[in-house]
Amino acid sequence: MSCMVLVCLCLLIAGCWDRRELQDRNFVLAVAVDTADAGDKPGLEPEQGEKVKKTETFLQPHGTKRYRLSLQVLKFTPGGGEKEESKTYVISNTGESFFEMVRDMLGQSSKSLWFEHLQVIIISEAVLKQAGLNEILDFFKRDSEMRSRIKLYVTPGTARDLLEYNPPTKEAGGIYLADLIRLHTRNSHVAGSRTDLGYTVQYLDTRSNILLPRIEIADKVVKLGGSAVFKKDQFIGYVDEYAIAGLKFMYGTEQSAVIVIESPEKPGQIMTFELFRHDTRLIPHVEDGTIYFTLDINMYGNLDEIQGDIGGENTLDPQYLHKLEAAFAEEIKRNILYADNVFKKELRVDCVSKFAGKMKAYEPDTWELVKDQWDEIYPTIPLVISVNVSIQKIGSHK
Amino acid sequence: MANLEAKTYMSAWQLAIVVFVTCVGAQIMLSPRALIEQVGHGTELSVLLGGVLFYGAVCLMLVLAKKYPGETIVEYAPRLFGKVGGTIIIFWFNLLFFLQVTQIFNGIGKIITFYMFDRTPPEVVIAALLVVSTYCALQDWGTILRVQQFMFFVAYSILTIVWMTSILNFQPENLLPLWPVNIKAVIMGSFSTWGMYSGYECVLLLIPLVYRQASLSSLLKAMGGSFGCLTMIFLMVIVVIIGVLTVDEAENLLYPALIVIRSVELPGTFIERLENYLLIAWVPVVFDTLTAMMFFMGQVCMRHWRHADHRPWVLLSVPIIYVSCILLDNQHVYDMVNSVTMWIGMAFSFGVIPICLSLSWWQKRKAGKGCD
Amino acid sequence: MGKKKCFKVMKLSVSMPEASLKLAKRKLAELQEFTTQTAQIGEDIGQFISQLRQVAAPANEPFIFTSVLSENERLLRVVFKDCGDIEFRTFDAGGKKALLIYLEGMADTENLERNVIRPLMSQASPANVNTENVAKILTDMTVISEHILQASSVSVLSKASAAIETVMTGNALLLIDGLAEGLGIAAVKYVKRNIGQANNEYIVRGPNEAFNETLADNIVLIRRRARDTNLKVRIIKLGERSKTSIALLYIANLVKPGLLEEVEGRIGLIKVDKILASANIEEFIVDHPWSPFPQIQTTERPDKTLAALYEGRIAIIVDGTPATLLAPCTYNVLMQAPDDYTIQPVIASLIRFTRSAAAFVAIYLPAIYVSVVSYHPGMLPTTMAISIAELRARTPFPSFLEAFMMEALLELFQEAITRLPQKLAGAASMIGAFVIGTTVVQAGLINPLLVVIIAITAIASYSMPSYSFNMALRWLRIPMLILASLLGLYGVILGVLAVTVHLFSLRSFGESYLGEAFNINLLAGWKDSFVRLPAKLLRTRPKEFGAQDQTKVGESDGQSRS
């Protein structure tokens, strides 16, 4: 009994190691990774910029400085501050090891930096050209403070500019950037269903080809669209929104999509179909030593827009609707073939190794035989597509 | 004061709950990585096989215990093996509990300090949990039984609910292909699941506390139910881990169960960082395993040296446990101790118990009919 | 200026011997010794006086009754010396001198005059023709009480201590010259509080009578509700000096076997001067006096007492206090209110569940707040974390210090409200609302979220049906706060485990305090613990109390068949 009291006393005397009050932590909301010579603070003359860069950083005795890490830190405005001010500010540092840079940045920060609410990591294309994704993300995947659902973006310009962006809704910048991709289910131009830190680490572990969304900023306009394609973890290029839409149809990861066609009867008249529900099956088949994939899609949705005169057409007529459905199906097929072409022929990359995964799951014996040459075999695999569209509602107007 | 109602006896289903609660301990967090690394795709089958295997071991133990009603192994082992042999067997039995307790403390120290705290030393975490476990192990069996029942209904349901939120990220395709699997690896893996199922040896100590009217068949049925639930829980854990992460990623993560929960996002609610919730729900689960094992250690020592009270032995074991779990400081030593414990445990369950059974049969035959 | 005259300094005592210092010292010493001796003598005299004040008695009997009335009277006057409220009424009864002794204010003088003094005095009246029988009758107290006295309750007393106790409890003592016995006549009437409402246990729908301070009235309240001959009342006197009556009530064919003997045994071991409140007894008979949780239930409602008796428990009523003890007691019992049984079962189950949740909140909410804000702010959603951080950026204190301060303020406030006189209560509540609610926040000392949390905690702890359980919860908050400020949520969960283990280890007369909550052997007990099923399904008594007859449908005549 007295031993227990002694132990309790020791606990009480020793003190609490991890007590750090909520307001004593600097919330880091976004992180930007640039090359060491990019990512200057905007609005400075070049020599001033050089001086700032030199002050911000530390001496590295060996090796070269490779990265420039910028952190977007939250400002507290107790009781509502000026409404025009930004809620965040940016600090940055250059170096080689991410952890070393973060710890060195404590020299610029009055409170300890705290990453548990980190929302987004933005990586610039220039950095990806000089290093693989694995090297950049290793710090984030090992640290215990990081969440699995941190969003990852690739930007063709300077990543730091996105951190400096002050959204007009006056919310904190990092939260705004992370929320941009939450609507990917409705926007078929953005592939965002498995692109956050947790899934990216999973793809790195399974040696799959990664796909990350692309974000761009130009004069106070931020737009998310398209994707950056990686072969394993090496960046090889961007794909446009049309290819991403086709990719989503192919993999069945969309929840809502918009398909635009020209009317089969009256060319020049635009018709739009909104997808609500779909049933997509991508199945590998092996016959006589040939591998091919079949893609069966059933789509159900609404007719959302007819630009033009509907007088001549009766949208309540099922025959007319069937014609439209066939046209929509044709367009989807075209989209998918375009995406397939882009990924198979131009980039030669099995995006997120979906096809490989399907082979492994459904045809494991064949997979054992071909898995070492998958990268060469993949571009030759034909895809047999069949699409079926069903228009269920036409809206409140005929 | 006199206990006006005899509450120290339990029914067969209460014994099943005790065994269930003692077996599900820290291993659901600590061992999946090694298991998945060893077996790969067929880990579910390993778990199932392990369940069947160790249920067989428990049945053997029940048969043996029913031959000596009213006595625990500490009392009849010297009769079977002679004085020296009996002492060795009792020491072996006690060593099993001790090694498991040490590993569990060490594991929980590491996990809690890494995921819930930053700079707190693991010794503090271990010491705090040791104090609370000792406080409970010092109580009498009636209290511990009720605590375990309470934990069974409250803590395990919370744990299951938190764990089930990970279904949001479950991709069944990661589990395919179900066949073919590496048969040899599956069988070796089922031996490795001993770490998950261990704790059932306490049956040898607890049978005298079960109502005498409980027949062997009802005990077997109750144990079957208990092992069924155990297998289900472990299967759930392993299947969800492989389904959410893939086998490749699960091999690379130190504590895949936590990363599974970390990947769950419930937008629109105020619940974030579900791994903290899982850890909080997990600490009582570990606590009741630890307290039960410490109590059993105290009981074994008490009965061996014919004392009346297990409490001094529990208090005596506290510094020993603390020092030994501080000693397991690196992963290599930990893994070695883990595999040593596994082989010791398997040898006990599948070596010593059948020898006990055959010796007791032989002795009874020698004594002739009419003597019990 | 010439030769200086050399003055020789001499002591004063050479010429005035009384001024000598040595002499003075000696005299002073003598005086001091004299003073101590007189103090000693004074003490001795004081002891003599106190001994003289005691009544001369052999062993533990003050004295023995003799048949000479003047002797008895003299000795009784010595015992009751300086008790100005004891009346000695001498009168003539059939030629013999008789003495009636009673406590003024506690005896029903009208009753005594009519039923005792008049019949006895009329014995000597010439109108009575039975003069020769009178002499025979007046030789035996029993015969007198049967033939002459018209009082409803008499008892013959031969022991003097019993006689004195009789007088002290308000009865009258009759002594007749020539008889060595006394007669105690029960004619008690004194001022007491009327049956009022239950102050602390008010229910919405149902009876609202409460016990008052008189033992007889309380037993009447219970008897009125059950016409059961098996309801037994056993009266014990406790307290060396105060000799307070306490009553043990139980149902003879339902009470747990062995419980009555155990309770009586424990009460018999109590050796104190006085019993003023039932808490004095409670502390002596519980199993775990150091635990903060109440192990005996107190109530001031007769319907609750009767329900407890019918579960197989024992009620202990103490004279002089309305608080009645019910033993044994478990967590289920403390969490029940009579309201639960008078409203619909589904709603009652929800309320019961809310009570348990409130008990949890009342202990752990401030600790959870401190641990989440200081140790694990990652568990808050980002926008909420930002707004809390902005709130806290203004206040200077770390979170556990804030929580302690608010706890202290809350405790102070609760204590002040209890002690306040009626007139100030309104002003105090206004001050409290302003101080705690608004001004502290505006002064930048405490952040508003903490005020909300403390308010919720306080309200949750007030919803407990048992006041002593409420106090236990209040006390437990402090160690939980300390644990949370040391080890965050891990500390809180360890605290939860420690409190749970403590609750399970408590035993109340052999019953486990919390243990029947999830016991799978007692599945029938689940019907009435965290939920309340409709009364049609509640057919058995709680097994934990070990009543002899488990079904609630009794025998037709209340007599046990065996």
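Letters A, B, ... mirror the listed sequences (proteins, then strands); counts begin at 1.
- Taking both residues in full, the closest heavy atoms of Tyr375(C) and Arg25(A) are given as O-NH2, 3.8 Å, listed atom of the first, atom of the second, then distance.
- Note that CD1 of Ile386(C) is 10.0 Å distant from CG of Leu22(A), once rounded to the nearest 0.5 Å.
- Ile388(C) touches chain A through backbone and side chain together, each having a heavy atom under 4.5 Å away.
- Not a single ring-ring contact (aromatic ring centres under 6.0 Å, His included) links Phe400(C) to another residue, sequence neighbours left out.
- The shortest distance between side-chain heavy atoms of Leu487(C) and Asp18(A) does not fall below 4.5 Å.
- For chain A, the option among Gly378(C), Ser387(C), Gly491(C), Pro381(C) with the highest count of heavy-atom pairs below 4.5 Å is Gly378(C).
- Interface remark: Ser485(C) contributes backbone atoms only to the contact with chain A (heavy atom separation under 4.5 Å).
- Every residue meeting the ring-ring contact (aromatic ring centres under 6.0 Å, His included) condition with His376(C), not counting sequence neighbours, appears here in chain and number order: Phe117(B).
- If you take CG on Leu401(C) and CD on Glu21(A), they are separated by 9.5 Å, rounding to the nearest 0.5 Å.
- No donor-acceptor distance shorter than 3.5 angstrom exists from the side chain of Gln23(A) to the backbone of Glu390(C), with no hydrogens or angles considered.
- Heavy atoms from other residues, nucleotides or ligands lying under 6.0 Å from CZ of Arg182(A) number more than 12.
- A distance of 10.0 Å separates OG in Ser399(C) from CG in Asp24(A), rounded to the nearest 0.5 Å.
- Among residues 107-121 of chain A, the residues having any heavy atom closer than 4.5 Å to a heavy atom of chain C are, in sequence order, Trp114(A), Glu116(A), His117(A), Gln119(A).
- The distance from the CZ atom of Phe76(A) to the CZ atom of Arg392(C) is 10.5 Å, given to the nearest 0.5 Å.
- Against chain C, the residues from residues 141-153 of chain A that qualify, each with a non-hydrogen atom under 4.5 angstrom away, are Arg147(A) in number order.
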